[in-house]
Amino acid sequence: MYLGIDLGTSGVKAMLIEADQRIVGSASGALEVSRPHRGWSEQDPADWIAATGQALDALKAAHPEALAAVRGIGLSGHMHGATLLDDRDQVLRPCILWNDTRSHREAAALDADPRFRAITGNIVFPGFTAPKLVWVKNNEPEVFAKVRRVLLPKDYLRLWLTGEHLSDMSDSAGTAWLDTGARRWSPELLAATGLEERHMPGLVEGTDPAGTLRAELAARWGLGAGAIVAGGAGDNAASACGMGTVRDGAAFVSLGTSGVLFAANGRYLPNPESAVHAFCHALPNTWHQMGVILSATDALNWHARVTSASPADLTAELGEALKAPAGVIFLPYLSGERTPHNDATMRAAFAGLGHESDRAALTQAVLEGVSFAVRDSLEALRLAGTTLSRVTAIGGGSRSRYWLKSIATALALPVDVPADGDFGAAFGAARLGLIAATGSDPLAVCTPPRTAETIEPDATLTAAYEVAYERYRRLYPAIREAMI
């Protein structure tokens, strides 16, 4: 058996698979996000351990014999989080999360240093780890002075599980300290933020062994003694391993809390001017590009909260047939935006509202706004040298057929829907655990799922969607100018 543990923003998911990759069972533990100030987003790392414990407790209750057979464990987690430890590995402050924008000034200052884009291949976004450390240095100097190690969220779980200070290439590529082409820490960039390589975890590939489960934890849950813990991956690279998006040109669109358009690359293809992320993949000698939007299902969840309805009820009101854009536009920048704007201070907006605009019209605009934001990422990928012929849909938002039809039509690309199954980050992490424990060929393990159906663009609405997308694109600079 092999175990995948995915540390998400809203919960920890643990999944068991057999050697043939059949899913045996899964369980989860819930998490909350603290937002003490505007633009802040934090979590207590102790809550990650508690939620992981809840998930493993539930797996033990349901599948004790399977847990006892675990030989490999893979880890996945939300990226960019700054988990700061002292010389006794004690947490110094709450972890600053990926969607925290407090360090936008520090990010702009680092991004103005040409070494960062040249070495990392990326814009320094406010959500990345390096500017967060500069913010701590400037605003909490007493905390910064005690920092002895900076870990990414999933790697704090690894520390708890194994006692090792290690990270993988894909997660570390989101820090703004990694030489992404060479797959190693950059002493030059670390020095620019007041740190040294000794503050960083050691680096391994996502498929490499990266620690052994501590005996007391193995005994607590009846896990296999000496289980290997893999290097693992950042959440999107782990999802790509779960989806089999590992060969050059393969792509998926993820409609989760954030939205991602992910393309696997056989070589390093940086183009920071397009605001595309160029990161290491979880597999050796493989890279990937991502367009990232900060609010995908988060936008629908916000709309559901303020209208006192469930997301499922809101999308059900639209029916199955895709509608032409009706004039109401939604910019989904509830937490600012990454691709293509790199704008931490922009906020969401509706435009084109009239007396006739009912709840369904607003829901339609929210779904279209996210679809157009994904289209922005597609255009950014094209500028970065990647052309896609189709995408596979994953994430909670992909349960809405209406939304998938909107995505397909906005992208003018067919969207493949996987056959029933869970192919997300926890599954990808379990695959990495299998590879690390057995030495199996990564490409033979990380295969794509069977496609249940393909949703084609609605040719009768393509022109209307193009007109609406152009209006959407013009709205951002107009509102941005008004907000300054």
For this session: Without swapping roles, check the side chain of D171 against the backbone of K154 for a donor-acceptor pair under 3.5 Å.
Result: no
For this session: Run the numbers on T339 and D376 for side chain to side chain contact (heavy atoms under 4.5 Å, CB included), then give the verdict.
Result: CA-CA 7 Å; T339 310; D376 275 344; 5.7 Å; no
Exercise. What closest approach, in Å, do L203 and D168 show between heavy atoms, and which atom pair accounts for it?
Worked result: CD2-O, 4.2 Å
For this session: Side-chain contact test, heavy atoms from C-beta onward, threshold under 4.5 Å: evaluate it for T392 versus V253 and give yes or no.
Result: no
Exercise. Counting N and O atoms only, with roles assigned by atom type, does the side chain of T162 sit under 3.5 Å from a partner on the main chain of E164, one being a donor and the other an acceptor?
Worked result: yes
Problem set entry | Sidechain-backbone polar pair: T207 side chain, L432 backbone, donor-acceptor under 3.5 Å | no
Seminar exercise, completed: Between the CZ atom in R71 and the CG atom in L3, the distance rounded to the nearest 0.5 Å is 12.5 Å
Exercise. Under 4.0 Å between a Lys/Arg side-chain N and an Asp/Glu carboxylate O for D57 and K60?
Worked result: no
Exercise. Which atom names give the shortest non-hydrogen contact between T180 and N122, and what distance separates them?
Worked result: OG1-ND2, 4.3 Å
Exercise. Any side-chain heavy atom of L322 sitting closer than 4.5 Å to one from L461?
Worked result: yes
Exercise. Hey, mind stepping through K323 and E368 against side chain to side chain contact (heavy atoms under 4.5 Å, CB included) and telling me if it holds?
Worked result: CA-CA 10 Å; K323 298 175 174 60; E368 289 169 359; 5.8 Å; no
For this session: Please list all pairs passing the side chain to side chain donor-acceptor pair (under 3.5 Å) test where one or both residues lie in residues 233-245, with sequence neighbours left out.
Result: none
For this session: Output the distance between atom CD (Q364) and atom OG (S371), rounded to the nearest 0.5 Å.
Result: 10.5 Å
Exercise. Is there side-chain contact between E65 and M1, with at least one heavy-atom pair below 4.5 Å?
Worked result: no
Exercise. Which of parallel (below 30°), tilted (30 to 60°) and perpendicular (above 60°) describes Y469 and Y472?
Worked result: parallel
Exercise. Is the number of heavy atoms from other residues, nucleotides or ligands within 6.0 Å of CZ (R183) greater than 12?
Worked result: yes
Exercise. Does the side chain of N99 pick up a donor-acceptor pair with the side chain of S41 at under 3.5 Å?
Worked result: yes
Problem set entry | Check: Q54 side chain, S28 main-chain N or O, donor-acceptor pair, under 3.5 Å | no
Exercise. What is the distance from atom CD1 of I329 to atom CZ of R473, rounded to the nearest 0.5 Å?
Worked result: 13.0 Å
Exercise. Looking at L388 and L413, what are the two nearest heavy atoms and their distance?
Worked result: O-CD2, 3.5 Å
Problem set entry | Atom pair CH2/CG of W287 and D248 - distance to nearest 0.5 Å | 11.5 Å
Exercise. Is a side-chain donor or acceptor of Q289 paired with a backbone partner of T386 at a separation under 3.5 angstrom?
Worked result: no
Problem set entry | Other residues, nucleotides, ligands: >12 heavy atoms within 6.0 Å of E32 CD | no
Seminar exercise, completed: Minimal heavy-atom distance between T297 and L255, with the atoms involved, is CG2-O, 3.3 Å
Exercise. Counting distance only, does the side-chain N/O of T451 pair as donor-acceptor with the main-chain N or O of V417 below 3.5 Å?
Worked result: no
Exercise. When you look at CZ of R214, are more than 12 heavy atoms from neighbouring residues, nucleotides or ligands closer to it than 6.0 Å?
Worked result: yes
For this session: For the residue pair E273 and L383, establish whether any side-chain heavy-atom pair is separated by less than 4.5 Å.
Result: no
Seminar exercise, completed: Of all heavy-atom pairs linking E320 and Y402, the shortest is O-CD1, 4.2 Å
For this session: Could you tell me which non-hydrogen atom of H288 sits nearest to which non-hydrogen atom of A264, and how far apart they are?
Result: CB-CA, 4.2 Å
For this session: Starting at CG of L213, measure out to CG of L223 and round the result to the nearest 0.5 Å.
Result: 6.0 Å
Exercise. Without hydrogens or angle criteria, can the side chains of S167 and S172 be said to hold a donor-acceptor pair below 3.5 Å?
Worked result: yes
For this session: Kindly indicate whether the side chain of R22, heavy atoms from C-beta on, has any atom under 4.5 Å from the side chain of V24.
Result: yes
For this session: Measure from the side-chain N and O atoms of K132 to the backbone N and O of L97, and report whether any donor-acceptor pair falls under 3.5 Å.
Result: yes
For this session: For the residue pair Y333 and Y476, categorise the inter-ring angle as parallel (less than 30°), tilted (30 to 60°) or perpendicular (more than 60°).
Result: perpendicular
Exercise. What about F372 and F330, are their ring centers closer than 6.0 Å?
Worked result: no
For this session: Go through the steps to decide whether I455 and D416 satisfy the test side chain to side chain contact (heavy atoms under 4.5 Å, CB included), and finish with yes or no.
Result: CA-CA 6 Å; I455 296 178; D416 293 326; over 6 Å; no
Exercise. Are F262 and H277 near enough that their ring centres are under 6.0 Å apart?
Worked result: no
Exercise. Judged by modelled atom types alone, do T175 and T129 share a side-chain donor-acceptor pair under 3.5 Å?
Worked result: no
Exercise. Atom CG of L367 and atom NE2 of H303: how far apart are they, to the nearest 0.5 Å?
Worked result: 8.0 Å
Exercise. Ignoring hydrogens and geometry, is there a side-chain-to-backbone donor-acceptor pair from D441 to L443 under 3.5 Å?
Worked result: yes
Exercise. Short question: side chain of R431, backbone of G74 - any donor-acceptor pair under 3.5 Å?
Worked result: no
Problem set entry | Atom CZ of R347 with >12 non-hydrogen neighbours under 6.0 angstrom | yes
Exercise. Do Y465 and S406 have side-chain atoms, one donor and one acceptor, less than 3.5 Å apart?
Worked result: yes
Exercise. Do we see a donor-acceptor contact under 3.5 Å between the side chains of S258 and W98?
Worked result: no
Exercise. Looking only at atom types and distance, does a side-chain atom of T286 sit under 3.5 Å from a main-chain N or O of P284, one as donor and one as acceptor?
Worked result: yes
